[in-house]
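I have placed the structure first, in the form of structure tokens, so that the comments after it can refer back to it.
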Amino acid sequence: MPASLYDTYERQFDRGASLLDHPETLLRQIRACNNVYEFNFPVRVDGELRMFTGWRAEHSHHRKPLKGGIRYAEHVDADEVKALAALMTFKCALVNVPFGGSKGAVRVNPYATPVEVLERITRRYTAELLWKNFIGPGVNVPAPDMGTGEREMAWIADTYDGMHVGGLDNFACVTGKPVTQGGIQGRIEATGRGVVYGVREALSHAEDLGRHGLEPGLEGKRIAVQGYGNVGWHAAHILAKEYDARIVAIGEYNGWLENPDGIDLDALEDWRKEKKSLLHFPGAKTHDHPPGMLEVECDVLVPAATQHVITAENAARLRCRMVAEAANGPTTPEAEAILLKNNVLVLPDIYLNAGGVTVSYFEWTKNIGHIRYGRMEKRLEAVKESGILQALEKASGHVLDPEVRELFGRGSDEIDIVRSGLEGTMVDAYREVREFARRSGKKGTDLRTAAFAVAIEKVARAYESLGIFP
């Protein structure tokens, strides 16, 4: 029987913890999931009451509030929610976001459920969390995950607001909301953009790349993306359009596309809007065996769908030089051992897909602060930058092109600040993990083990500061 995502998490935690010198009691506390709330609730569907099962797991209370998405999926169970909550703890610690880890889920197929039923499910789920104090701006702050998005987060915020009349910080109870409801620009793209920043940073250290058969830089790199949802879509478009990478394969649940010369993403988007499917796009070859996409020849494979798609059975057949884990838990420990033996560079999920929680933190602080990023300083920045440009023009005797002047003299909007903060966060976190791997004293410490060690160390310090553990 395949190991569960929670079993995988525990093995990864133990490897990272083995590199640290902390009391076993403290490590057991950090490793364990503090609590899991599982509940059943009725929702009226087609005139009859139907029961649904929901969860909210709280892995660690070392920081407040707790943070983690809400997943709508038919396959979800308590173990999966616990594992995802644990991963949230270490993602937050790794990128220095001061939240504890949490996760929620409802067992439902969101793609086969009418919108009005999804709204009832979401509002009732929110009420259940409220009754048990599992949601609130300073308690536990949900966000989107697989099967949920801005719409569901808006329903949650509205339900919470209606049950806390007059609460000043009510809309900080959830992130990933529409901008018009207190959301933040750049949140939808955040996880995918964070993946790009992480891959770019890993490819900037030339001395690390030789044994993996990689050259520095993203330009011209052959990228294969498995999973073309929110994360995979944004990662692919940003890689292709901002960094001139080649998207040579795109995989979905019902098949995949391949074009070694690169897939035209704009043409593909037009095709998908018309046909409601990626398959049989005339600009690429269609394959009807989804798992085969993982074995396409490429430089970077981006699994952006679900967990445990790279296994001991298929790992040796992968023909990539880097696996960039955009999804949670896409690689089993047995598969990773094979990849590392074959000199494949693995960028771990607890680092690489932390862009979402990073920008969620920005949204939460925006809601708590009640002011839009860039609002106060944009005009001041624009005036200063315009003065610098005028001085350069005067000194050089050359008048700048109006478009150049507009680009460099407009001041920073919210989206600019968010992207800059996300970029800095991903760069700093990678360098911290890389440095730990280099100085850990154990030859060949992989990035996942180093990332867990760095994150566990930060959580341990937080617990030790409470004076509970010697």
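- Around CD of E435, the count of heavy atoms belonging to other residues, nucleotides or ligands within 6.0 Å exceeds 12.
- Checked against the 6.0 Å centroid criterion, the rings of F90 and F13 qualify as a close aromatic pair.
- By the 4.5 Å heavy-atom criterion applied to side chains, E219 and Y243 are not counted as neighbours.
- Minimum interatomic distance between V174 and E363 (heavy atoms only, all atoms of both residues): O-OE2, 3.8 Å.
- A salt bridge links D158 with R123: the distance from a Lys NZ or Arg NE/NH1/NH2 to an Asp or Glu carboxylate oxygen falls below 4.0 Å.
- Ion pair R431/E201 flagged as a salt bridge, since at least one NZ, NE, NH1 or NH2 atom sits closer than 4.0 Å to an Asp/Glu carboxylate oxygen.
- Aromatic ring pairs are classed by plane angle as parallel below 30°, tilted from 30° to 60° and perpendicular above 60°; the pair W364 and F99 is perpendicular.
- Without hydrogens or angle criteria, K458 side chain to A93 main chain gives a donor-acceptor distance under 3.5 Å.
- In summary, D244 and K221 do not engage in a salt bridge, as defined by a charged side-chain N under 4.0 Å from a carboxylate O.
- A donor and an acceptor atom, one from each side chain of N353 and N328, are located under 3.5 Å apart.
- Between F362 and I417, the closest side-chain pair of non-hydrogen atoms is not below 4.5 Å.
- A salt bridge links R419 with E189; the closest basic N to acidic carboxylate O contact falls under 4.0 Å.
- Applying the 6.0 Å contact sphere to CG of D288 captures no more than 12 heavy atoms from other residues, nucleotides or ligands.
- Using the six-membered ring where Trp is involved, H287 and W256 have ring planes that are parallel, under 30° apart on the 30 and 60° scheme.
- Classification of R124 and E128 as a salt-bridged pair holds, one side-chain N sitting under 4.0 Å from a carboxylate O.
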Worksheet item: When you look at I223 and V302, which way does the side-chain contact (heavy atoms from CB on, under 4.5 Å) test go after all the steps?
Response: CA-CA 7 Å; I223 314 288; V302 183; 3.9 Å; yes

Item to complete: For side-chain contact (heavy atoms from CB on, under 4.5 Å), just list the numbers for K82 and H59, CA-CA rounded to whole Å, side-chain angles, deciding distance to a tenth of an Å, and then say yes or no.
Response: CA-CA 7 Å; K82 285 170 57 181; H59 175 260; over 6 Å; no

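- Salt bridge annotation for E336-R15: present, with a cationic side-chain nitrogen under 4.0 angstrom from a carboxylate oxygen.
- Using a 4.5 Å cut-off on side-chain heavy atoms (C-beta onward), E258 and M293 make no contact.
- Atom CG of N140 sits about 15.0 Å away from atom NZ of K132, to the nearest 0.5 Å.
- With a 4.5 Å cut-off on side-chain heavy atoms, Y160 and I135 count as touching.
- Under 3.5 Å, the side chains of E150 and Q181 contain no donor-acceptor pair of N or O atoms.
- A salt bridge between E38 and R107 is absent, with no side-chain N of the basic residue lying under 4.0 Å from a carboxylate O of the acidic one.
- Under the 4.0 Å criterion applied to side-chain N and carboxylate O atoms, R193 and E242 are assigned as salt-bridge partners.
- Salt bridge status for K103 with E58: absent, with no side-chain N to carboxylate O gap under 4.0 Å.
- F41 has its side chain within reach of I121: a pair of non-hydrogen atoms, C-beta onward, lies under 4.5 Å apart.
- You'll find the ring centres of F39 and Y125 inside the 6.0 Å limit.
- Residues A326 and V231 share a closest heavy-atom pair of CB-CG1, 3.8 Å.
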Fill in: H22 and E464: CA distance, side-chain angles, deciding distance, side-chain contact (heavy atoms from CB on, under 4.5 Å) verdict
CA-CA 10 Å; H22 288 291; E464 288 172 340; 3.1 Å; yes

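- Within the 3.5 Å criterion, the main-chain N or O of E295 finds a donor-acceptor partner in the side chain of R319.
- A heavy-atom distance below 4.5 Å is not found between the side chains of V248 and I263.
- Side-chain atoms of H308 and T332 include no donor-acceptor pair closer than 3.5 Å.
- Formation of a donor-acceptor pair under 3.5 Å by the E325 side chain with backbone atoms of D349 is found in this model.
- S102 places none of its side-chain heavy atoms less than 4.5 Å from the side chain of F134.
- Inspection of the T449 and D446 side chains reveals an N or O donor paired with an N or O acceptor under 3.5 Å.
- Closest approach of T175 to M153, counting heavy atoms only: O-CG, 3.4 Å.
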Discussion item. Pair R11, E334 - check salt bridge (Lys or Arg N to Asp or Glu O under 4.0 Å), show working.
Written reply: CA-CA 11 Å; R11 292 169 65 180; E334 294 80 10; 2.8 Å; yes

